Structures are given as structure tokens and as C-alpha cells.
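Worth knowing before you read on, the calculation uses all heavy atoms, side chains too, and leaves out hydrogens, waters and symmetry mates. All of these numbers come straight from a predicted model, not from anything done at the bench.
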Amino acid sequence: KPKTGKTGAHAAVKPKTGKTGAHAAVKPKTGKTGANAALNAKPIHPGNIVFVDEQGETVEPAAEVPESIRFAKNKDGRLEPVVRVVATTIGDQRTIREYGEEGNLLRSTVQFRH
């Protein structure tokens, strides 16, 4: 028996990547290729994101904003920099719209207060 502390079907699996658990023997990806690589390629962000709400406007450096806010997929499925985020509130509903460099709507989110 191997001295891995594992039992059952995974007892003989040796980690190859330094990972443990179910993904221990899974080879790390070395990069995407083909059409998926083009769809998921991160473009260069122009630098700032303008946030607008009822309080006014604030400008944040894109590098200080989480990547999930910095980029959104456009209608073609390609990542595009978000440069403007507008939040409006009406009653218990808050709508957040995120726009690209050309003013195109990239993503919108509606939130409800309970």
C-alpha cells in the first residue's frame, strides 16, 4: 500500500502538481487555444472606471477594482473593459448597468431589497 494516507480507489494516485484531494493528479492547463482563447483574452483596460449613483460620480483606477467588475463580455462573447458603472434605485429595486468604451451596454444587474 502507498503511504499517502488515502484509501480506496484514490490510494494509488500520487499528486503530480503539489495539489491534494480530487484534483491532485490533474495536469494544470498551460493556456487556452483556438476560438476560446480569443473569447477569453483580456484586453488592456484604459485605466479608470467611473461609478455613478444618486450620490454623484467617483472615478476609481481599474487596477484597484476586482477583475470581475473591470471586464464584462460583450454581445459577441468577448471580454471588454468596463469604463462606466451606473446604479439607479427606485423603491426596493436597484439596477446596475455596466458600459464599455464605446458606450455600449455590457451587463446589467437588478437587485431587490427584502
Side-chain angles (χ1 to χ4, degrees):
K1 280 186 176 179
K3 296 181 181 182
T4 62
K6 296 179 183 180
T7 60
H10 296 286
V13 177
K14 286 187 176 181
K16 295 180 183 177
T17 62
K19 295 179 183 178
T20 59
H23 298 286
V26 176
K27 290 174 110 181
K29 291 185 179 182
T30 57
K32 295 180 179 180
T33 59
N36 285 339
L39 288 175
N40 294 316
K42 288 184 192 80
I44 296 172
H45 199 285
N48 292 318
I49 301 175
V50 178
F51 291 88
V52 182
D53 63 13
E54 291 83 10
Q55 309 301 315
E57 285 189 13
T58 58
V59 178
E60 296 285 332
E64 295 178 13
V65 174
E67 191 173 298
S68 60
I69 295 173
R70 255 185 297 182
F71 298 98
K73 290 184 179 181
N74 63 20
K75 65 179 181 174
D76 298 324
R78 290 184 168 75
L79 286 177
E80 190 172 321
V82 172
V83 297
R84 187 171 184 84
V85 178
V86 179
T88 56
T89 304
I90 300 174
D92 289 341
Q93 179 178 311
R94 182 175 187 217
T95 303
I96 302 166
R97 292 182 177 94
E98 300 173 54
Y99 298 92
E101 290 181 276
E102 304 296 320
N104 53 316
L105 179 65
L106 296 173
R107 174 171 51 203
S108 63
T109 305
V110 177
Q111 301 171 331
F112 294 96
R113 280 191 229 160
H114 296 281

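Nearest heavy-atom pair, Arg107 versus Ser68, reported as atom, atom and distance to 0.1 Å: NH2-O, 2.9 Å. Shown here for Val83 and Gly100, the closest heavy-atom pair between the two residues is CG2-O, 3.3 Å. Considering every non-hydrogen atom in both Val82 and Phe71, the closest pair reads CG2-C, 4.0 Å. When all heavy atoms of Arg97 and Ser108 are compared, the closest pair comes out as CG-CB, 4.0 Å. Between Ala87 and Arg94 the shortest heavy-atom distance is CB-NH2, 3.7 Å. Closest heavy-atom contact between Glu101 and Pro46: OE2-CG, 3.6 Å.
With Tyr99 as reference, Leu105 is the one residue of Ile49, Leu106, Leu105 to meet the side-chain contact (heavy atoms from CB on, under 4.5 Å) rule. With Arg84 as reference, Glu57 is the one residue of Glu60, Glu57, Glu98, Glu102 to meet the salt bridge (Lys or Arg N to Asp or Glu O under 4.0 Å) rule.
Linking Ile, Leu, Val, Met, Phe, Trp and Tyr whenever their side-chain heavy atoms come within less than 4.5 Å puts Val59 and Val52 in one cluster.
At a threshold of 4.5 Å between non-hydrogen side-chain atoms, the residues Glu67 and Lys42 count as touching. Counting heavy atoms from C-beta on, the side chains of Thr89 and Arg113 come closer than 4.5 Å. Residues Glu80 and Asn104 form a side-chain contact, since some pair of their non-hydrogen atoms from C-beta on lies under 4.5 Å apart. Between Asp92 and Phe112 the shortest side-chain heavy-atom distance does not fall below 4.5 Å.
Of the inter-residue distances, the one linking Lys73 atom NZ with Arg78 atom CZ reads 11.0 Å to the nearest 0.5 angstrom.
Within the 3.5 Å criterion, the main-chain N or O of Gln55 finds a donor-acceptor partner in the side chain of Asp53.
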